[in-house]
Amino acid sequence: MGERSLILGAGIAGLCAAMALSGRGRTITVLDRDPPPPDLDPDAAFADWSRRGVTQLRHSHVFIGRLISLLRARQPALWRALTDAGARESTFADALPPTLRAQYAYAPGDEDMSFLFSRRSTLELIMRRHAGALPDVTFVTDAFVEGPLFARRDGALALEGVRGTLAGAKTEWRADAVIDAMGRTSQFTDWLAAEGAPVPEESTPAGILYFTRHYRLHDGAEEPPRGLTPGAGDLGYLKYGVFIADNRHFSVTLACPEIESEMRVALPRGEVFDAACAHLPGVAPWTDPARAAPASKVFAMGALKNAWRHFLVEGAPLVRNYFPIGDAAVRTNPLYGRGCSTGAIQAFLLGDVFNEMTDPAQRLAALDGRVRAEIRPFFDAMVRQDAQAIRRAARERAPDGRTPRWRARAMKSFIEDAVGPASRGDLVVLRALMRGFHMHEGPAAWLRRPAVLARVLAAWARPRAAKAHLYPPPLGPARGEMLAALGVPAGGA
Ligand SMILES: Cc1cc2nc3c(=O)[nH]c(=O)nc-3n(C[C@H](O)[C@H](O)[C@H](O)COP(=O)(O)OP(=O)(O)OC[C@H]3O[C@@H](n4cnc5c(N)ncnc54)[C@H](O)[C@@H]3O)c2cc1C
């Protein structure tokens, strides 16, 4: 019999791991606490599929180029099934600002910079059906993992499987390799700590709460034309985004700083949420009642953070035969839309490592090194950005009247007067930026290309009047104005 691989969790990382490990003579078992996907269309699945294990299932999700490239290259039949189910590819050309459309000509690599427009529930439904059809993969549903089966081998801790309940009855699952894809609620860190092997974790707050509402375009209604006002933006006291999805659906997320205690209490109310949308020029044309109607209540979610867990200590695994991937290992602020891509990257790297070597310690070390090389630069950049956003939100709420230091002013001007106009007026710059955005190269790689940097600096040097057409209109009202319009007390200072 081939290697027995036990995957805990059938979310994005677990499903990708099943696909990545398949086809090499292994026996692959995937456990999940939730029921199987219903034999329903995407709209009914969105409404009815019980996914208590994935509380973010009904929040906005954007799927970026790296995930799409991986799925398209490694699982072409899955890609076709997704588009057949109503998910849509939005290409680099489709997403261009109006200022660049006329000069667009295809360049190699543009095909890696597509978005997939889909509800998370639709993506997961189709991925799950695809993985379920693989002959060497077995799903066991309503299977709740409750604890590890640890053993000591030559003094070292090893994982032999897990125990739990299957449809209410106590049971055990044993395997040669256990892949933890139970997401951010995985309890392995607690179980390892109880065994005397605490897991070092770097953790920083995302500083925001997520509020999401789904909408459906009326029959016959078109999506609003894309102008220079972006469908996503940051007002300091509020971040927002329109997420286009499948089958005429889209959602809006309003990300409220944690310190905005009055606003966070008000936003879950549908009428307040819709009123906030109506005051955001990039969102209002979408949620206009003449064009679309709400298709859900407002979903709220907090306790969002960035976390990187270390399962190798001084080069040795804390526990042998244990391979954490996805949110169980690395968690990022959802605002950046990278969690599913990082989960998929880890899962396919795991598949490569498993195919290349057999020793569990070597496998974990190789996985750790490759994941670090691919994902760590993004993680570090997101942590830095979140810290800045938290400081900015505090200043918006309680301005201290101080003039920012020259460094902060120069950085603001570089973003607003150089990078912004250059990316709206110069295809070379936009391409370079978007390759990092879609995780095809490091987030700062574009800055190290002299030709790109020169174009950005040239945009900075241009007088403002000469680039006035490359600035977006105001993204929304000032904080006080918005709160007054929503009838929310200002709090703060
Ligand atoms: C509000 C929000 C919005 C997000 N938006 C985006 C986005 O726009 N784009 C993006 O790429 N990412 C986004 N993310 C991140 C993304 O959702 C996660 O990174 C991704 O789902 C992680 O995949 P995973 O497989 O590791 O975990 P999950 O997808 O959470 O799956 C975990 C699985 O484990 C199962 N499970 C858990 N505990 C047990 C147990 N004890 N026994 C058995 N099974 C168990 C669950 O049922 C579930 O199926 C968002 C996250 C949040 C919170």
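Just so it is clear, the model here is predicted, and its values are computed rather than measured. Whatever order the structure lists them in is the order used to number ligands and atoms, beginning at 1.
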Residue, atom and distance of the protein heavy atom nearest atom 1 (C) of ligand 1 read Tyr210 CD2, 3.5 Å
Do His440 side-chain atoms and Asp112 backbone N/O form a donor-acceptor pair below 3.5 Å? yes
For Gly9, the atoms of ligand 1 under 4.0 Å from one of its heavy atoms are 33 (C), 34 (O), 35 (C)
Could an N or O of ligand 1 be found under 3.5 Å from any N or O of His59, whether backbone or side chain? no
Out of curiosity, is Arg120 lining ligand 1, as in a heavy atom under 4.0 Å away? yes
Phe63 N/O to ligand 1 N/O under 3.5 Å: no
Taking only heavy atoms of Gly326 into account, list the atoms of ligand 1 that are under 4.0 Å away from them. 26 (O)
Tell me whether the rings of Phe354 and Phe323 are parallel (<30°), tilted (30 to 60°) or perpendicular (>60°). perpendicular
May I ask you to list the atoms of ligand 1 that are less than 4.0 angstrom from any heavy atom of Ala181? 32 (C), 33 (C), 34 (O)
Only heavy atoms of Ala143, strictly under 4.0 Å: list the atoms of ligand 1 that pass. 42 (N), 43 (C)
Before signing off on this row, confirm whether Val145 and ligand 1 have an N or O atom pair separated by under 3.5 Å. yes
Short side-chain to backbone donor-acceptor contact, Arg226 and Pro224, under 3.5 Å: yes
Can you tell which of Gly53, Gly339, Ala344, Ala255 gets a heavy atom nearest to atom 46 (C) of ligand 1? Gly53
For ligand 1, which atoms, with element, lie under 4.0 Å from some heavy atom of Met301? 1 (C), 53 (C)
Would you mind reporting whether Val162 and Leu6 have side-chain heavy atoms less than 4.5 Å apart? yes
Between ligand 1 and Leu8, can you find any atom pair, the residue atom being a heavy atom, that is separated by under 4.0 Å? no
What I want to know is whether Ala13 and ligand 1 share at least one N or O pair that is separated by under 3.5 angstrom. yes
Heavy atom under 4.0 Å from ligand 1: found in Arg331's side chain, backbone, both, or neither? neither
Please state which protein non-hydrogen atom is closest to atom 9 (N) of ligand 1 and give its distance, to 0.1 Å? Val62 O, 2.9 Å
Any nitrogen or oxygen of His61, main chain or side chain, under 3.5 Å from a nitrogen or oxygen of ligand 1? yes
cation_pi(Arg163, Trp173) dist<6.0 Å, angle<=45: no
Between the side chain of Asn306 and the main-chain N/O of Asn333, is any donor-acceptor distance below 3.5 Å? yes
Which of the ligand 1 atoms, numbered from 1, are nearer than 4.0 Å to a heavy atom of Cys340: 10 (C), 11 (O), 12 (N), 16 (C), 19 (O)
Can you find a pair of side-chain heavy atoms, one from Thr29 and one from Ser5, that are under 4.5 Å apart? no
Please output the side-chain donor-acceptor pairs of residues 141-152 that fall under 3.5 Å, not counting sequence neighbours, one pair per line with the distance.
from   : atom 1 : to     : atom 2 : distance (Å)
Glu146 : OE1    : Lys170 : NZ     : 3.1
Arg152 : NH2    : Glu195 : O      : 3.4

Considering heavy atoms of the protein only, find what lies nearest to atom 50 (C) of ligand 1 and give residue, atom and distance to 0.1 Å. Pro334 CB, 3.5 Å
Out of all atoms in ligand 1, which are within 4.0 Å of some heavy atom of Val54? Include the element for each. 48 (C), 49 (O)
Starting from atom 39 (C) of ligand 1, which protein heavy atom do you reach first, and at what distance in Å? Met182 SD, 3.5 Å
Quick one: does ligand 1 sit under 4.0 Å from the side chain of Asp32, the backbone, both or neither, non-hydrogen atoms only? both
Could you tell me whether Arg397 sits above the aromatic face of Tyr237, with NZ or CZ closer than 6.0 angstrom to the six-membered ring centre and within 45 degrees of the axis? no
Less than 4.0 Å is my threshold; does some heavy atom of Glu146 fall inside it relative to ligand 1? no
min-distance protein heavy atom vs atom 26 (O) of ligand 1 -> Asp327 N, 2.8 Å
What atoms in ligand 1 come closer than 4.0 Å to a heavy atom of Ser60? 3 (C), 4 (C), 5 (N), 8 (O)
Regarding Tyr215 and Asp274, do their side chains bring together a donor and an acceptor under 3.5 Å, going by distance alone? yes
Can a donor-acceptor pair be found between the side chains of Thr212 and Thr253 at a distance below 3.5 Å? yes
Which residue supplies the protein heavy atom nearest to atom 31 (O) of ligand 1, what is that atom called, and how far is it? Gly11 CA, 3.4 Å
Check: His310/Glu201 side-chain N/O donor and acceptor closer than 3.5 Å: no
Any non-hydrogen side-chain atom of Phe63 less than 4.5 Å from a side-chain atom of Leu123? yes
Evaluate Gln56 for polar contact with ligand 1, using N/O atom pairs at a separation under 3.5 Å. yes
If you compare Gly164, Ala300, Gly183, Pro35 by their heavy atoms, the one closest to atom 27 (O) of ligand 1 turns out to be Gly183
Is a donor on one side and an acceptor on the other found under 3.5 Å between the side chain of Ser69 and the backbone of Gly65? yes
Below the 3.5 angstrom mark, is there an N/O of Arg33, backbone or side chain, next to an N/O of ligand 1? yes
As a test of understanding, state which of Arg24, Arg363, Arg370 forms a salt bridge (charged side-chain N to carboxylate O under 4.0 Å, His left out) with Glu356. Arg370
With ring pair (Phe, Tyr, Trp, His ring centres under 6.0 Å) as the test, pick out the partner of His214 among Trp286, Phe243, Phe46. Phe46
